[in-house]
Amino acid sequence: MDEWKKRKLALVIDNFEDVLDPDRTIADPGLRSAYRVLTRNLTDGSRLVVTCRYVPLDTPNPESTPHVRVWAVPELKPFELRKFLRRDEKVEDRLRTGDISEPLIQRLHRVFGGTPGFLVLVRSWLGTGDLSDWEDEIPDDTPLEEARRRYCEDLMLPRLYELLPEAGRALVSRLAVSELPLPADGLAQLADGADPATIDSAVEYGLAQRFTEPGRPALFAVPGLIRNWLAGEDRLPSAKRRGVDAVLARFWKASYEEDREAELRVAVDVELLTCRTHAARAGLRDVLRWATIRLSNGLNARAEWKAARALLEDIPEGERDGAIWHSLASIDLREGSYPAAREKLATSLGIKQAIGDKAGEAATWHQLASIDLREGSYPAAREKFATSLGIKQAIGDKAGEAATWHQLGIIAWKTNHKSEAPKFVVVSLLLFQTVESFNKDQVGKNLSGMCSELGFSEEQFEEMLQTVVASYQQDRGASLLAAAFPPEG
């Protein structure tokens, strides 16, 4: 031992669970004695690294033995799995040709988890296996599934599960349904009135993992490779599993609404996708639509319109609400399909008017006006923008009102009412400044360009500014509109 310390050697013992009895004791007395000596005396720069699915009972308490550290090692994440798979040339070729799709990688991660040793088998199969019937789901009769079953049997999974108290078994089976690690409050929602601390028994036997970071709440998850077994019909009937999915869908929806991404160590897109997945399984169509809209908004922001459209069109037409029709119309607009966009916006408008969604109605009138503007139908555009403006003023949507005033200024500029156009843009700029919008910079540039072309002096600009402010305070800009666009006849 002294020589080992002196030379600062490292000993790695992998898969230590193979030498443990179901009660987490080391089966061989000699090895048990050696383990005790090593873990209590190996210091001064030498290292003993033990990988095991659960902490052996003979391990010293880290709280009383400072040189001992116990870490829960997370599984590979989906993007890490992708990198791992690509290291095989055959898999890389099949990824490039599309034989292996991104949805398939996501399904592999859900079914087989991210246990590195097992994923060598997954990668080998992907390089040469027949994937023709894997488009929608991974078949139960593949060599991978058989290998996974053997893996679970080798872990003595049924025996370990029976060692848990009844509440612990129920909770770890519910946790196995979760697509992402959960904090304690999420775990409590799954506990169905039981003490969520019963998950500790599952952690002790490696059926669940606890991940801790300084200053952040602990997260709990089930290793991916055993999730299907733990959440199987014999342990969690399908009706109860749907109930768990419903709880999880609502949990991740609330997490998004409360901006908990940093606390829970999850990206927004992953959070929304997880919410959507659980909602689909639970049959919560309203939550499914909610998550779909927000996922598509993120894709639109990155100009991934094809992916956004596919996501939205996955919702059957009869279930689409006004927001989904509006989003699909927005994609049509970006692709230049004005007739298709107009048709979808009309559908969206009807739905929003029927349910009294004033904010949504105003946004749709704005989009319809934008189509008219792009097509050069200025009178029609002006009328629709005015309708949108009235609703936004009524509901106090200052950012939306600012955007509409700016568009009305563009129309005035394009229809030979140039002297009135800067007044509308001034209103837009002043409103954007009250809501701290990034749009104020572009609006300010447009205003500067208009005034420059009109040859405004500094005094003329100040006079216009005072006139606009007084008019807006008096009648919310109605007299400005009447002066620029007097009623016909």
May I ask you to decide whether [X] forms a salt bridge with [Y], counting only side-chain N to carboxylate O separations under 4.0 Å?
X: R86; Y: D93; value: no
X: R260; Y: D185; value: yes
X: D245; Y: R250; value: no
X: R216; Y: E263; value: no
X: D200; Y: R210; value: yes
X: R309; Y: E335; value: yes

Shortest non-hydrogen contact from [X] toward [Y]:
X: F432; Y: A403; value: CZ-N, 3.7 Å
X: K440; Y: Q433; value: CD-CG, 4.3 Å
X: L299; Y: L311; value: CD1-CD2, 4.1 Å
X: L264; Y: S255; value: CD1-OG, 3.5 Å
X: G186; Y: F251; value: CA-CE1, 3.6 Å

*Partners passing side-chain contact (heavy atoms from CB on, under 4.5 Å) against D99 (at least two apart in sequence or in another chain)*: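 R94, T97.
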
Between [X] and [Y], is there a donor-acceptor pair closer than 3.5 Å when you use the side chain of the first and the backbone of the second?
X: E271; Y: Y256; result: yes
X: D28; Y: L31; result: yes
X: T277; Y: L273; result: yes

*Assert yes or no for the condition that the ring centre distance of Y205 to Y161 is strictly below 6.0 Å.*
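For Y205 and Y161, the ring centres are not under 6.0 Å apart.
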
_For R32 and T25, which I'm curious about, is there any donor-acceptor pair between the side chains at under 3.5 Å?_
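T25 and R32 do not have a side-chain donor-acceptor pair below 3.5 Å.
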
*Is there a donor-acceptor contact under 3.5 Å linking the side chains of H326 and K352?*
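The criterion, which ignores hydrogens and geometry beyond distance, is satisfied for K352 and H326.
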
*asked:* Return the CD to NE2 distance between Q407 and H366, rounded to the nearest 0.5 Å.
replied: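 Here the rounded value is 5.0 Å.
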
_Verdict with reasoning, K240 to E233, per salt bridge (Lys or Arg N to Asp or Glu O under 4.0 Å)_ = CA-CA 10 Å; K240 290 187 177 181; E233 188 71 22; over 6 Å; no

*Got I371 and L345 here, is their nearest side-chain heavy-atom distance under 4.5 Å?*
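When only atoms from C-beta onward are counted, L345 and I371 do touch, with a gap below 4.5 Å.
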
*Taking the six-membered ring of F84, is NZ or CZ of R123 closer than 6.0 Å to its centre and within 45° of its axis?*
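Yes, a cation-pi geometry holds between R123 and F84.
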
*Decide salt bridge (Lys or Arg N to Asp or Glu O under 4.0 Å) for R302 and D269; before the verdict, give the C-alpha distance in whole Å, the side-chain angles of both, and the deciding distance to 0.1 Å.*
CA-CA 12 Å; R302 299 191 295 270; D269 282 1; 3.0 Å; yes

